[in-house]
Amino acid sequence: MTNTNIHKYLPIIIFLISLISGFECKAQIIKVSDQRGFTDSLRQELINAPYFGLFKDNYFTVGTSIGPKPTRTNSDVKFQISIAQRLTKTTLPGNSFVFLMYTQKTFWNIFEKSLPMRDINFNPGIGWSIPFFSKGRYAGKFTLLIEHESNGRDSIQSRSWNRITFSGSTIIDRWLMVHAKFWIPIIDGENNRDILRYCGICQGGVQVTTPDKKFGWALTLVKRMGWNFNFNTIFEFNWRIHKKSNQYIFVQYYNGYGENLLDYNQFHSRLRVGIVIKPTFFSEF
């Protein structure tokens with residue numbers, strides 16, 4: 001990464017570090033008595049949970065473009081599989097742990113003849129995560145992740161890049177979680193040198209749930225490169241099927257660029273519905 005690029009991203013990096021640090025140190029406002037049970041459950045999950053589990057949301061959805069009339073070519077199935085394998089328990093300093101992750105996102109043109117897979121995005125990585133506890137409260141989590149993403153194509157349809165990602169999240173209240181993330185890109189794909197203009201350089205968002213966790217809303221904004229007010233917007237709604245289940249009816253609206261790697265520089269506005277399976281405590285973004 002050149003000095004010019006570092007200077008270009010430096011103000012945004014400083015802002016995001018301040019944002020995450022501020023949340024971890026100051027924004028935690030839940031009373032200790034209200035959060036003690038949650039904190040104890042989280043500690044036990046970190047210590048006793050299986051090594052293998054979910055990482056991001058796992059979902060299966062179907063939908064179409066917003067605006068034009070639905071057709072075979074602008075309607076599709078989108079599904080995501082995301083898992084993590086912990087390499088250590090919480091025996092490292094600060095209850096931290098090292099893990100491997102793998103996310104696969106697939107766009108399937110199920111309404112076209114022969115049902116072709118339009119694009120498959122492969123996203124493996126290795127990370128280090130540390131939760132923060134203070135005076136009986138869960139204060140937040142910081143994760144450092146080295147990840148690769150590509151679509152496995154060759155020739156002019158090949159897309160590939162790597163990122164060193166820094167992310168943080170905190171619970172402001174039992175119904176509100178805030179998260180932020182930025183990355184240092186290492187672009188090795190010959191056909192996607194301008195990917196930061198479309199897939200962005202940082203993101204932030206909020207996740208809101210009802211007290212009984214039956215309904216939830218999430219908004220994520222991905223800042224594309226440049227000083228203009230340009231974002232890729234992801235809005236999600238989920239409705240828990242059963243109070244003892246982690247399966248939800250799922251609605252996702254994507255508006256912007258970079259939804260998939262093959263068409264990363266094409267604008268999409270798509271609404272999809274389906275089913276999502278969520279991790280026990282936190283969804284990664």
Side-chain angles (χ1 to χ4, degrees), residues 1 5 9 12-13 16-17 20 45-46 49-59 78-107 119-132 140-153 158-169 177 179-189 191-193 195-196 198-205 207 218 220 222-223 225 232 234 258-262 264 276-285:
M1 194 171 185
N5 286 336
Y9 305 133
I12 297 173
I13 292 173
L16 285 171
I17 291 175
I20 295 170
E45 178 75 12
L46 291 171
Y51 278 93
F52 182 80
L54 303 183
F55 187 61
K56 297 182 179 181
D57 289 347
N58 285 247
Y59 57 78
K78 175 186 176 183
F79 61 90
Q80 177 171 279
I81 300 169
S82 185
I83 56 177
Q85 170 71 38
R86 273 201 276 180
L87 302 179
T88 64
K89 284 286 188 178
T90 56
T91 54
L92 300 180
N95 292 319
S96 63
F97 55 92
V98 178
F99 62 93
L100 294 173
M101 56 75 64
Y102 176 76
T103 300
Q104 180 176 307
K105 189 164 53 176
T106 302
F107 297 82
D119 198 31
I120 303 176
N121 298 164
F122 307 96
N123 179 208
I126 183 169
W128 171 73
S129 189
I130 178 170
F132 293 96
K141 183 178 70 170
F142 171 81
T143 299
L144 169 65
L145 184 64
I146 300 173
E147 57 183 314
H148 168 81
E149 188 175 23
S150 61
N151 67 347
R153 300 288 191 98
S158 174
R159 309 283 187 266
S160 176
W161 68 323
N162 307 283
R163 300 188 292 179
I164 302 173
T165 301
F166 305 87
S167 63
S169 62
M177 192 265 279
H179 59 90
K181 179 177 180 179
F182 72 92
W183 46 86
I184 300 173
I186 304 171
I187 302 171
D188 56 355
N191 301 310
N192 52 269
R193 291 295 185 182
I195 194 169
L196 299 182
Y198 302 95
C199 293
I201 53 177
C202 62
Q203 70 180 46
Q207 187 177 50
T220 302
V222 182
K223 178 66 179 72
M225 192 175 70
N232 299 327
I234 308 166
E259 187 180 21
N260 65 76
L261 285 180
L262 183 63
Y264 74 94
V276 63
I277 303 173
K278 289 181 167 290
T280 304
F281 280 99
F282 307 104
S283 297
E284 300 293 335
F285 295 90

Review point. Looking at residues at least two apart in the chain, or sitting in another chain, which of them share a salt bridge (Lys or Arg N to Asp or Glu O under 4.0 Å) with K56?
Key: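 By the salt bridge (Lys or Arg N to Asp or Glu O under 4.0 Å) rule, K56 matches no residue at all.
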**Study point:** Test side chain to side chain donor-acceptor pair (under 3.5 Å) applied to S82 and T103, step by step
**Key:** CA-CA 4 Å; S82 185; T103 300; 2.7 Å; yes
Check your understanding: Quick one: do the T143 and S129 side chains pair a donor with an acceptor below 3.5 Å?
Key ->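 A donor-acceptor contact under 3.5 Å links the two side chains.
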Practice item. Check whether the side chains of Q80 and D57 place a donor and an acceptor atom closer than 3.5 Å, and report yes or no. Key: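 Judged by distance alone, the side chains do not pair up.
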N/O donor-acceptor pair under 3.5 Å between [X] side chain and [Y] backbone:
X	Y	value
W183	G200	yes
R159	L261	yes
N232	Y198	yes

Show the nearest heavy-atom pair for residues [X] and [Y], with the distance to one decimal.
X	Y	result
F132	F142	CE1-CB, 3.8 Å
I195	Y264	CA-CE1, 3.7 Å
F107	E259	CZ-O, 3.2 Å
I130	S96	CB-CB, 3.7 Å
W128	V98	CD1-CG2, 4.1 Å

Practice item. With sequence neighbours excluded, tell me which residues meet side-chain contact (heavy atoms from CB on, under 4.5 Å) with I83. Key: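 I83 satisfies side-chain contact (heavy atoms from CB on, under 4.5 Å) with F52, Y102 only.
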Practice item. Just jot down the side-chain contact (heavy atoms from CB on, under 4.5 Å) partners of N162, sequence neighbours excluded, or say none. Key: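 Testing N162 for side-chain contact (heavy atoms from CB on, under 4.5 Å), a comparison that skips the adjacent residues, returns H148, I186, D188.
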Calculate, to the nearest 0.5 Å, the distance between atoms [atom1] and [atom2] belonging to [X] and [Y] respectively.
X	Y	atom1	atom2	answer
F182	S167	CZ	OG	9.5 Å
F97	R86	CZ	CZ	5.5 Å
L54	I81	CG	CD1	11.0 Å
T106	F122	OG1	CZ	7.0 Å
R163	E147	CZ	CD	4.0 Å

Exercise for review: Would you please test N121 and N123 for side chain to side chain donor-acceptor pair (under 3.5 Å) and show each step?
Suggested key: CA-CA 6 Å; N121 298 164; N123 179 208; over 6 Å; no
Hey, does [Y] have a side-chain heavy atom less than 4.5 Å from the side chain of [X]?
X	Y	result
L100	F55	no
N151	N260	no
L144	F166	yes

Check your understanding: Taking NZ, NE, NH1 and NH2 as the nitrogens, is one of them in E284 or K141 under 4.0 Å from a carboxylate oxygen of the other?
Key ->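 Yes, charged N to carboxylate O under 4.0 Å.
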Review point. R153 pairs by side chain to side chain contact (heavy atoms under 4.5 Å, CB included) with which of N191, I120, L262?
Key: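 Of the listed options, the one satisfying the test is L262.
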**Study point:** Trace of the side chain to side chain contact (heavy atoms under 4.5 Å, CB included) decision for M177 with S169
**Key:** CA-CA 7 Å; M177 192 265 279; S169 62; 3.7 Å; yes
Practice item. For K181 and F285, run side chain to side chain contact (heavy atoms under 4.5 Å, CB included): C-alpha distance rounded to whole Å, both residues' side-chain angles, the deciding distance at 0.1 Å, then the answer. Key: CA-CA 8 Å; K181 179 177 180 179; F285 295 90; 5.7 Å; no
